[in-house]
Amino acid sequence: MMSIEPERPSRPGATRGGQQSSPAAGPTVLRIALGGQLRRLREERGISREAAGDAIRGSHAKISRLELGRVSFRERDLNDLLTLYGVQDPDERGAFLSLARQANEPGWWHQYGDLLPSWFETYLGLEQAAQIIRTYEAQFVPGLLQTPDYARAVILLGHAQEPAGEVDRRVALRMRRQDILTRAEPPTLWAVIDEAALRRPIGGPRIMRGQIEHLIRISELPNVTVQVLPYSVGGHAAAGGPFTIVRFPESDLPDVVYLEQLTSALYLDKRNDLDQYQAVMNMLSVQAATPEETPQLLRALKDEH
């Protein structure tokens with residue numbers, strides 16, 4: 001488990017030991033890293049969020065959003081905060097400003113910005129920068145494992161009134177997300193899927209059979225593990241519903257638990273929350289069919305559609 005209160009990096013953009021963050025970290029993770037470093041500077045100097053907000057003509061809520069990496073950094077605001085926090089060395093200030101410029105660069109998903117709520121754009125940035133993604137799904141196959149036909153059927157559940165071209169773009173976005181699984185140095189994906197999601201006939205029998213066949217094939221990738229949580233286990237640990245835990249290669253960044261809701265999402269990174277969700281995920285992995293047993297169970301489910 002990564003530390004929630006890490007040591008201060010030796011310079012902006014660095015992890016413990018002075019190593020630089022991964023070049024593929026992406027703007028979302030860079031914003032989180034920069035925000036965390038600014039929070040540590042503020043706390044070390046005993047400056048309140050309210051006082052920091054006044055320094056940039058904003059509020060304590062704006063400082064909170066900056067420190068959590070939820071919003072982009074304006075150069076003027078960053079300069080004012082660095083002055084307030086006593087950072088005078090030109091090289092150190094330059095490093096902060098360089099990191100902020102990288103963090104403000106749009107991700108590839110920016111081209112789909114008109115389709116995406118801001119809370120989901122944040123998750124895409126985390127997903128793209130992840131080293132490990134562990135997810136539990138109860139109603140649908142996880143987006144990273146969906147076929148185009150299945151993805152379209154799921155998308156139409158909530159966007160049936162949209163023009164066909166918009167639906168096509170939503171499908172294309174979901175397929176583009178999946179590129180991380182076959183890129184150089186891909187993340188590890190470990191998915192536990194409730195049997196209910198595989199029995200629910202999304203799109204009809206043909207689409208479900210194709211989706212289950214895809215799960216069997218993709219689980220053969222060395223970085224992908226799929227487990228089915230069968231009805232036979234009865235009650236299980238994830239009584240609260242689906243969730244995803246994202247871990248990053250940068251050692252000074254905390255894990256993040258992502259909880260998607262109908263019109264918003266929660267991002268949890270406190271130690272108690274992380275410990276609880278990690279424990280639940282570990283329990284689900286024990287309760288579910290093993291990775292070796294799952295293909296046989298998937299084939300049986302496919303034959304029932």
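The analysis underlying the following values was restricted to heavy atoms, covering all of them including side chains, and did not include hydrogens, waters or symmetry mates.
Applying the 6.0 Å contact sphere to CD of Gln296 captures no more than 12 heavy atoms from other residues, nucleotides or ligands. In Gln88, the CD atom is crowded: over 12 heavy atoms of neighbouring residues, nucleotides or ligands sit closer than 6.0 Å.
Remark: side-chain polar atoms of Ser285 are paired, donor with acceptor, to backbone N or O of Met281 under 3.5 angstrom. Judged by distance alone, the side chain of Tyr136 and the main-chain N or O of Val280 form no donor-acceptor pair under 3.5 Å. A donor-acceptor contact shorter than 3.5 Å links the side chain of Ser219 to the backbone of Ile216. A donor-acceptor contact shorter than 3.5 Å is absent between the side chain of Asp194 and the backbone of Pro230. At least one donor-acceptor pair closer than 3.5 Å links the side chain of Gln178 to the backbone N or O of Gln146. Checking side-chain atoms of Glu293 against main-chain N and O of Thr290 turns up a donor-acceptor pair under 3.5 Å. In this structure, the side chain of Asn223 engages the main chain of Pro187 through a donor-acceptor pair within 3.5 Å. Of the possible donor and acceptor atoms, one in the side chain of Tyr267 sits under 3.5 Å from a partner among the backbone N and O of Tyr123. Using modelled atom types, no side-chain atom of Arg247 and backbone atom of Ile245 make a donor-acceptor pair closer than 3.5 Å.
Residues Arg299 and Glu213 are not paired through a salt bridge, judged by the lack of any N-O separation under 4.0 Å between the basic side chain and the carboxylate. Between Asp303 and Arg209 there is no salt bridge, since no side-chain nitrogen of the basic residue lies less than 4.0 Å from a carboxylate oxygen of the acidic one. We find that Arg271 and Asp275 are joined by a salt bridge, their nearest charged nitrogen and carboxylate oxygen being less than 4.0 Å apart.
With hydrophobic clusters built from ILVMFWY side chains whose heavy atoms lie under 4.5 angstrom apart, Ile133 shares a cluster with Leu221. Using a 4.5 Å cut-off between side-chain heavy atoms of Ile, Leu, Val, Met, Phe, Trp and Tyr, with links allowed through other members, Phe73 and Leu97 fall into the same hydrophobic cluster. Residues Leu68 and Ile47 do not share a hydrophobic cluster, clusters being chains of Ile/Leu/Val/Met/Phe/Trp/Tyr side chains in contact below 4.5 Å.
Screening Arg176, Arg177, His110 for a side-chain contact (heavy atoms from CB on, under 4.5 Å) involving Leu124 leaves a single residue, Arg177.
Between Gln227 and Gln287 there is no side-chain heavy-atom pair separated by less than 4.5 Å. Using a 4.5 Å heavy-atom threshold, the side chains of Lys302 and Met208 count as separate. You'll find the side chain of Glu260 reaches within 4.5 Å of the side chain of Trp119, heavy atoms only. Side-chain contact between Leu189 and Leu145: present, with at least one pair of heavy atoms (C-beta onward) separated by less than 4.5 Å. At least one side-chain heavy atom of Leu198 sits under 4.5 Å from a side-chain heavy atom of Ile193. When side chains are defined from C-beta on, Leu229 does not count as touching Glu195, because their heavy atoms never get closer than 4.5 Å. In this structure, Arg174 and Val154 have side chains that are in contact, with non-hydrogen atoms separated by less than 4.5 Å. In this structure, the side chains of Val192 and Val228 stay at 4.5 Å or more apart for every pair of heavy atoms.
Within the structure, no pair that satisfies the ring pair (Phe, Tyr, Trp, His ring centres under 6.0 Å) test touches residues 36-63, not counting sequence neighbours. Sorted by first and then second residue, the salt bridge (Lys or Arg N to Asp or Glu O under 4.0 Å) pairs involving residues 132-148 (not counting sequence neighbours) form an empty list.
For Glu127 against Ile180, the heavy-atom pair with the smallest separation is O-CD1, 3.8 Å. Nearest approach of Phe248 to Val256, heavy atoms of both residues: CE1-CG2, 4.0 Å. When all heavy atoms of Ala197 and Phe140 are compared, the closest pair comes out as CB-N, 3.7 Å. Pairing each heavy atom of Pro27 with each of Ala103, the nearest pair is CB-O, 3.3 Å. When all heavy atoms of Asn104 and Ser72 are compared, the pair lying nearest together is OD1-CB, 3.1 Å. A pairwise comparison of heavy atoms in His305 and Arg199 identifies CE1-O, 3.5 Å as the closest pair.
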- Item | Stepwise side-chain hydrogen bond (donor to acceptor under 3.5 Å, both in side chains) test for Ser64 and Glu67 | CA-CA 5 Å; Ser64 180; Glu67 291 180 351; 6.0 Å; no
- Task: Under the side chain to side chain contact (heavy atoms under 4.5 Å, CB included) rule, what do Thr147 and Arg152 come out as? Steps first, then yes or no, please.
- Result: CA-CA 9 Å; Thr147 65; Arg152 184 178 301 276; over 6 Å; no
- Message: Could you go through Leu34 and Phe96, starting from their C-alpha distance and side-chain angles, then the distance that decides it, and tell me whether this counts as side chain to side chain contact (heavy atoms under 4.5 Å, CB included)?
- Response: CA-CA 8 Å; Leu34 178 55; Phe96 271 106; 3.4 Å; yes
- Derivation of the side chain to side chain contact (heavy atoms under 4.5 Å, CB included) call for Thr188 and Val224: CA-CA 6 Å; Thr188 295; Val224 176; over 6 Å; no
- Yes or no on side chain to side chain contact (heavy atoms under 4.5 Å, CB included) for Asp255 and Val246, after CA distance, side-chain angles and deciding distance? CA-CA 6 Å; Asp255 294 357; Val246 182; over 6 Å; no
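Taking the centre of each ring, Phe243 and Tyr277 come in below the 6.0 Å mark. Proximity of the aromatic rings of His236 and Tyr231 is defined here by a centroid distance below 6.0 angstrom, and this criterion is not met.
Under 3.5 Å, the side chains of Gln128 and Trp108 contain a donor-acceptor pair of N or O atoms. At a cut-off of 3.5 Å, with distance as the only test, no side-chain donor of Glu121 or Ser118 sits close to an acceptor on the other residue.
Ile32 is linked by a side-chain contact (heavy atoms from CB on, under 4.5 Å) to Thr28, Leu126, Leu253, counting only residues two or more places apart in sequence or in another chain. Partners of Arg70 under the salt bridge (charged side-chain N to carboxylate O under 4.0 Å, His left out) rule, at least two apart in sequence or in another chain, do not exist in this structure. Under the salt bridge (charged side-chain N to carboxylate O under 4.0 Å, His left out) criterion, Glu166 pairs with Arg169, sequence neighbours left out.
Leu156 forms part of a hydrophobic cluster together with Ile155, Val167, Val171, Met175, judged by ILVMFWY side-chain heavy-atom separations under 4.5 Å.
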